[in-house]
2 protein chains.
Amino acid sequence: MEKNLTNTQQIVLNSLEKSDQPLGAYSILFNIQKKGIKSPQQVYRALDKLIEIGAVHKIESLNSYIACKNKNCDIKKSTSFLICEKCKNVSEINDNNLTDEFSKLTKKSDFKYATHNLEIFGFCKGCR
Amino acid sequence: MEKNLTNTQQIVLNSLEKSDQPLGAYSILFNIQKKGIKSPQQVYRALDKLIEIGAVHKIESLNSYIACKNKNCDIKKSTSFLICEKCKNVSEINDNNLTDEFSKLTKKSDFKYATHNLEIFGFCKGCR
DNA sequence: AGTGTTATGTTATAATATAACAATTTTAAT
DNA sequence: ATTAAAATTGTTATATTATAACATAACACT
């Protein structure tokens, strides 16, 4: 199950795992330049792969990327996040019911569910 | 309830309403250059306002914008879309239950729901 | 070893979005 | 009505995010 990552992919993933918050591609690049990564292309290519295997998710509304904390995340392509509007903290929801609910919901519109991105904005425990 | 739009805002809105599909800001700009709109800034400022009043929504994963068909849309800031992966058709879901469901869901995490963006990918009636 | 395929490095450029400031219009107080 | 302050708009420049294109290298199969 564990994928072997290339050097660059591992460096990008480490950078994201060290951060508790999502990072933009160019922030990642800045972080890892000292390790010999020189171009955006290298970062984006690594991100593509990491996203594909479910190790990283993209948060579309922030144009940024976050490591999936969830080791057993069987949701590879769908993402669901809570984003605090005050402190900007982002946390991943791991509610497998969502897939079922969306699947049911979309049937009403004769739509065959495949994946989803969900971004919920509001205020986290500490900020409300 | 009806907002008065400025000339530029109305032109941008018309451009989106004429399109059945979402448009990027620069596509809009291209469409309306013949009407004297010259710069991205004008388009983005109009979009900001139109989004604020709920006349237009942004589809984050596509970096594009769509007119809200739903005249009585009381959901101003939240958005929910079905996106067909084959024909790229986008349609808006208008299920007010979603807000309630997300509100309940996030309570479990001690999170105070405010708004959401939901993008569901799959295959539409014609493409499945 | 030779050849086709896949991955990586590198440079350049495309696509999306905002900053900064000047010019104009609107507002609202005197 | 006059004018100062505030908000809106026009315009140029630039920042930010992402991909194209092509060269080079690594891999794998015969």
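For the numbers below, each heavy atom of this structure counts, side chains included, while hydrogens, waters and symmetry mates do not. Residue numbering restarts at 1 for every chain, and letters A, B, ... go by the order of the sequence lines.
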Over how many whole Å does the gap from Lys35(A) atom NZ to dG9(C) atom P extend?
15 Å
Assert: residue with more 5' nearest nucleotide on DNA chain D, out of Thr8(B) and Tyr26(B), is Thr8(B)
How about Ile120(A) and Phe111(B): do any of their side-chain heavy atoms sit closer than 4.5 Å?
yes
Given atom CD1 of Ile37(A) and atom P of dG9(C), what is their separation to the nearest angstrom?
7 Å
Atom-pair distance (CD on Gln42(A); P on dA20(D)), nearest Å
17 Å
Would a single hydrophobic cluster contain both Leu16(B) and Phe30(B), if residues Ile, Leu, Val, Met, Phe, Trp and Tyr are joined by side-chain heavy-atom contacts under 4.5 Å?
no
Around atom CG of Asp110(B), are there more than 12 heavy atoms of other residues, nucleotides or ligands at under 6.0 Å?
yes
Decide yes or no, distance alone: a donor-acceptor N/O pair under 3.5 angstrom between the base of dA20(D) and the side-chain of Gln41(A).
yes
Between dT11(D) (C1') and Gln33(B) (CD): distance, integer Å
14 Å
Does any pair with a residue in residues 96-109 of chain B pass salt bridge (charged side-chain N to carboxylate O under 4.0 Å, His left out), and if so which ones, sequence neighbours excluded?
Asp95(A)-Lys108(B)
Between Val90(B) and Val56(B), is there shared hydrophobic-cluster membership here, with clusters defined by ILVMFWY side-chain heavy atoms closer than 4.5 Å?
no
Can you check the Asn7(A) CG to dA25(D) P distance for me, whole Å?
18 Å
Based on the rotation axes of five pairs at each end, what angle does the helix from dA1(C)-dT30(D) to dT30(C)-dA1(D) bend through, to 10°?
30°
Tell me which of Tyr65(A) and Arg45(B) sits closer to the 5' end of DNA chain D, going by the nucleotide each one is nearest to.
Arg45(B)
Send over the distance from Lys38(B) NZ to dA13(D) P, rounded to a whole Å.
15 Å
Should Ile51(B) and Phe81(B) be counted in the same cluster of Ile, Leu, Val, Met, Phe, Trp and Tyr side chains packed under 4.5 Å apart?
no
Closest listed nucleotide, where the reference is the side chain of Asn63(B) and the choices are dT8(C), dA17(C), dT9(D)
dA17(C)
Rounded distance (Å) that lies between atom C1' of dT16(C) and atom CD1 of Ile51(B):
13 Å
Examine dA17(C): is either OP1 or OP2 under 4.0 Å from a nitrogen or oxygen in the side chain of Lys58(B)? Give yes or no.
yes
Please report the distance, rounded to the nearest Å, between CD1 in Ile11(B) and P in dT9(D).
12 Å
Using only atom types and a distance under 3.5 Å, with no angle test, would you say the side chain of Ser15(B) pairs donor to acceptor with the backbone of Ile11(B)?
no
